[in-house]
Amino acid sequence: MTSAELKEILREDVLAGAEALLGAVLVRGELRARIVETEGYRAEDDPACHAFRSRTARNEVMFGEPGYAYVYFNYGVHWMLNVTAHEPGRAAAVLVRAAAPLDGLDVMRARREIGAEDPDSAIKNQKSKTKNQKLDRDLLSGPGKLAKAFDITRKDNGLNLLDPTSPLHLLPRTGSVRVVTGSRIGIAEGKGHDLPWRFMDADALESVSRPRPRGSR
DNA sequence: AAAATGATGCTCT
DNA sequence: GAGCATCATTTTC
């Protein structure tokens with residue numbers, strides 16, 4: 001699949017786009033990771049979509065061209081990375097929920113260490129070697145974790161993710177992917193919480209976020 | 001193994 | 001002022 005082909009799939013349908021993003025590689029400098037979990041959101045009939053009510057300063061990029069980064073801050077704690085979809089005027093986006101690390105694991109680890117931004121916790125971190133090993137398996141297994149490891153923040157909002165010269169971008173997948181679907185995570189009842197708009201790589205379930213589908217580690 | 005909880009700040013009403 | 005597209009830790013079965 002080429003970048004142009006991926007862009008057309010995203011333009012056509014956000015759910016097909018969410019599926020097509022499985023297996024794509026997220027790149028920032030030396031950092032690389034293979035996307036294994038996504039979710040679709042669309043304004044027209046989905047109350048959970050940030051653009052469902054109205055067009056605001058925050059959700060502005062969702063109303064533009066497909067293939068751009070919609071980044072927002074959530075729960076006062078985490079940044080979330082989305083890929084815009086649909087043609088201009090019809091807001092939609094794919095939330096990138098999890099990835100399998102490929103390259104630059106040392107940098108990801110350093111950014112993900114608990115309390116890494118707290119100057120007084122360096123000593124604490126040294127003592128918890130077992131926790132860091134545990135951390136390794138779940139480096140990117142959630143949208144907040146992935147953003148932290150890739151240093152994704154407000155500054156990345158609006159980047160063209162399908163342009164290989166962007167500081168943060170996507171390489172379309174090469175092979176095929178076996179897909180498993182599920183209900184989206186963290187959606188309140190009555191806001192489309194049971195729509196099967198969560199997509200996962202069936203052969204990489206150990207790297208997806210919780211709750212994981214039954215029968216996986 | 002699953003459920004509860006507190007942290008934390010931005011966005012929109 | 002309320003409500004989050006979460007995470008790590010603690011508490012409970």
Side-chain angles (χ1 to χ4, degrees), chain A residues 14-15 17-18 21 35-63 69-86 91-99 108-109 111-118 120-121 124-125 127-158 181-200 205-217:
Chain A
V14 64
L15 301 180
L21 282 171
I35 294 173
V36 299
E37 178 183 0
T38 59
E39 282 177 0
Y41 292 84
R42 53 152 104 131
E44 42 216 55
D45 59 352
D46 172 16
C49 179
H50 287 171
F52 181 68
R53 287 176 169 274
S54 60
R55 182 169 183 158
T56 68
R58 177 175 66 158
N59 63 34
E60 183 64 27
V61 276
M62 260 200 279
F63 288 85
Y70 166 47
V71 179
Y72 70 93
F73 195 55
N74 197 20
Y75 289 106
V77 185
H78 302 290
W79 294 95
M80 305 279 133
L81 172 65
N82 297 253
V83 183
T84 60
H86 290 179
V94 176
L95 171 65
V96 180
R97 283 194 61 87
M108 297 180 193
R109 248 178 243 129
R111 292 203 178 123
R112 287 270 290 114
E113 267 170 31
I114 314 303
E117 62 280 333
D118 175 5
D120 292 325
S121 62
K124 260 189 266 174
N125 288 340
K127 289 186 179 175
S128 55
K129 232 182 218 170
T130 50
K131 281 193 177 172
N132 285 342
Q133 285 178 352
K134 210 168 158 186
L135 212 160
D136 241 22
R137 289 204 320 262
D138 287 307
L139 264 187
L140 310 173
S141 65
K145 302 176 190 177
L146 181 131
K148 180 109 190 213
F150 272 80
D151 187 32
I152 290 165
T153 66
R154 165 183 298 295
K155 73 184 183 310
D156 300 304
N157 191 49
T181 64
S183 331
R184 294 178 299 178
I185 304 302
I187 309 297
E189 206 165 325
K191 299 209 167 195
H193 72 286
D194 46 2
L195 294 171
W197 290 0
R198 180 191 188 200
F199 303 89
M200 291 160 280
L205 293 180
E206 68 281 355
S207 299
V208 308
S209 66
R210 306 213 154 101
R212 311 213 228 253
R214 292 189 68 90
S216 54
R217 284 183 292 177

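Order of the sequence lines sets the chain letters (A, B, ...), proteins ahead of strands, with each chain counted from 1.
- Going from atom CD of A:E113 over to atom P of C:dA8 covers 13 Å, rounded to whole Å.
- Remark: A:L146 CG to A:L139 CG distance equals 10.0 Å, nearest 0.5 Å.
- At the heavy-atom level, A:R198 lies nowhere under 4.0 Å from the strands shown.
- Side chain of A:D46 to main chain of A:Y41: no donor-acceptor pair is present (N/O by atom type, distance under 3.5 Å, no hydrogens or angles).
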Which atoms of nucleotides 2-6 of chain C (N or O only) lie under 3.5 Å from a protein N or O atom, and what are those distances?
from, atom 1, to, atom 2, distance (Å)
C:dA5, OP1, A:H50, NE2, 2.8
C:dA5, N9, A:Y72, OH, 3.3
C:dA5, N7, A:A48, O, 3.1
C:dA5, N7, A:H50, NE2, 3.2
C:dA5, N1, A:N82, OD1, 2.5
C:dA5, N3, A:Y72, OH, 3.1
C:dT6, OP2, A:Y75, OH, 2.8
C:dT6, O2, A:H78, NE2, 3.1

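- Between A:K155 atom NZ and B:dC10 atom P there is a gap of 16 Å when expressed in whole angstrom units.
- B:dT5 is paired with C:dA8 under the criterion used here, namely a Watson-Crick or G-U wobble arrangement in which both key atom distances are under 3.5 Å.
- For the pair A:L139 CG and C:dA8 C1', the computed distance is 15 Å after rounding to whole Å.
- Taking a pair to require two hydrogen-bonding distances under 3.5 Å in either a Watson-Crick or a G-U wobble arrangement, B:dC10 pairs with C:dG3.
- Distance, A:F52 CZ to B:dT11 C1': 18 Å, rounded to whole Å.
- The CZ atom of A:F63 sits 12.0 Å away from atom OG1 of A:T84, with the distance rounded to the nearest 0.5 Å.
- In this structure, A:N82 and A:P143 have side chains that are not in contact, with every pair of non-hydrogen atoms separated by 4.5 Å or more.
- Straight-line distance from the CZ atom of A:R210 to the P atom of B:dA4: 17 Å, rounded to whole Å.
- The distance from atom CZ of A:R154 to atom P of B:dC10 is 8 Å, rounded to the nearest whole Å.
- Side chain of A:R112 to main chain of A:D138: a donor-acceptor pair is present (N/O by atom type, distance under 3.5 Å, no hydrogens or angles).
- In this structure, CG of A:L140 is placed 14 Å from C1' of C:dC7, rounded to the nearest angstrom.
- Rounded to the nearest 0.5 Å, atoms CD (A:E206) and CZ (A:R212) are 8.0 Å apart.
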